[in-house]
Amino acid sequence: MIHARNPSFLGTQYTKIKSARKICTRTRISSLTGAVRYLTHMDNPEKYQYDNADIETFGGFDLESCLALSTGDKRQALRDMLAFISENEIMHLKDFADYCMSEEAPAGWFELLTERNTLFIKEYIKSNWQKQQNLRGSEK
């Protein structure tokens with residue numbers, strides 16, 4: 001994948017790579033992140049999952065920055081995580097972490113859990129557990 005803001009630079013790089021790699025076409029894309037996710041099957045766990053470390057980039061393209069979630073995406077993913085915890089009555093952080101590491105979990109959940117949100121999610125799970133205990137106690 002080649003990314004360049006300068007069309008003449010892109011043309012020069014494309015010509016060099018085309019001859020070295022025997023690439024026959026180039027395509028303009030509307031969503032760089034979407035294209036990377038599509039090419040690596042990130043949203044299709046049933047397909048082979050390519051390792052980001054194996055992806056070759058050219059022209060100063062930063063793959064990690066491209067795949068980073070926006071703030072809005074992170075907030076929505078966190079909402080989805082909390083809904084999953086409630087709907088599935090998750091009572092232990094380990095159970096949720098195991099799910100986040102599994103092939104079944106949506107892309108990015110493990111990173112969101114481990115990078116900045118662990119304490120918040122741990123307390124959310126703990127409060128769910130406490131709520132369940134209170135409900136059980138009031139039923140007696």
(request) To the nearest 0.5 angstrom, please state how far the CD atom of Glu87 sits from the CG atom of Asp80. (result) 9.5 Å
(request) Over all heavy atoms of both residues, which pair between Ile125 and Ile90 is shortest? Give the atoms and the distance, please. (result) CG2-O, 3.7 Å
(message) Go through it in stages, so that I can follow the logic: the residues are Arg79 and Leu82, the test is side chain to side chain contact (heavy atoms under 4.5 Å, CB included), and I'd like the CA-CA distance, side-chain angles, deciding distance and then a yes or no.
(response) CA-CA 5 Å; Arg79 284 186 193 99; Leu82 299 179; 5.9 Å; no
(message) Classify the ring geometry of Phe96 against Phe84: parallel below 30°, tilted from 30° to 60°, perpendicular beyond 60°.
(response) tilted
(request) Report yes or no: does Ser127 contribute a side-chain atom to a donor-acceptor pair with the main-chain N or O of Tyr124 at less than 3.5 Å? (result) yes
(request) Please determine, by modelled atom types, if Asn128 and Gln132 share a side-chain donor-acceptor pair under 3.5 angstrom. (result) no
(message) Is it the case that the ring center of Tyr48 lies less than 6.0 angstrom away from the ring center of His41?
(response) no
(message) Does Glu46, at its CD atom, have more than 12 non-hydrogen atoms belonging to other residues, nucleotides or ligands within less than 6.0 Å?
(response) yes
(message) Within the structure provided, determine whether Leu112 and Ile121 are in side-chain contact (heavy-atom separation under 4.5 Å).
(response) no
(request) For a side chain to side chain contact (heavy atoms under 4.5 Å, CB included) with Leu93, tell me which candidate from Lys122, Lys126, Glu123 qualifies. (result) Lys122
(message) For the backbone of Trp129 and the side chain of Glu89, can you confirm whether one donor and one acceptor N or O come within less than 3.5 Å of each other?
(response) no
(request) List the atom of Ala97, the atom of Phe110, and the distance in Å for their closest heavy-atom pair. (result) O-CD1, 4.4 Å
(request) Give a yes or no answer on whether the side chain of Gln49 reaches the backbone of Lys47 with a donor-acceptor pair at less than 3.5 Å. (result) yes
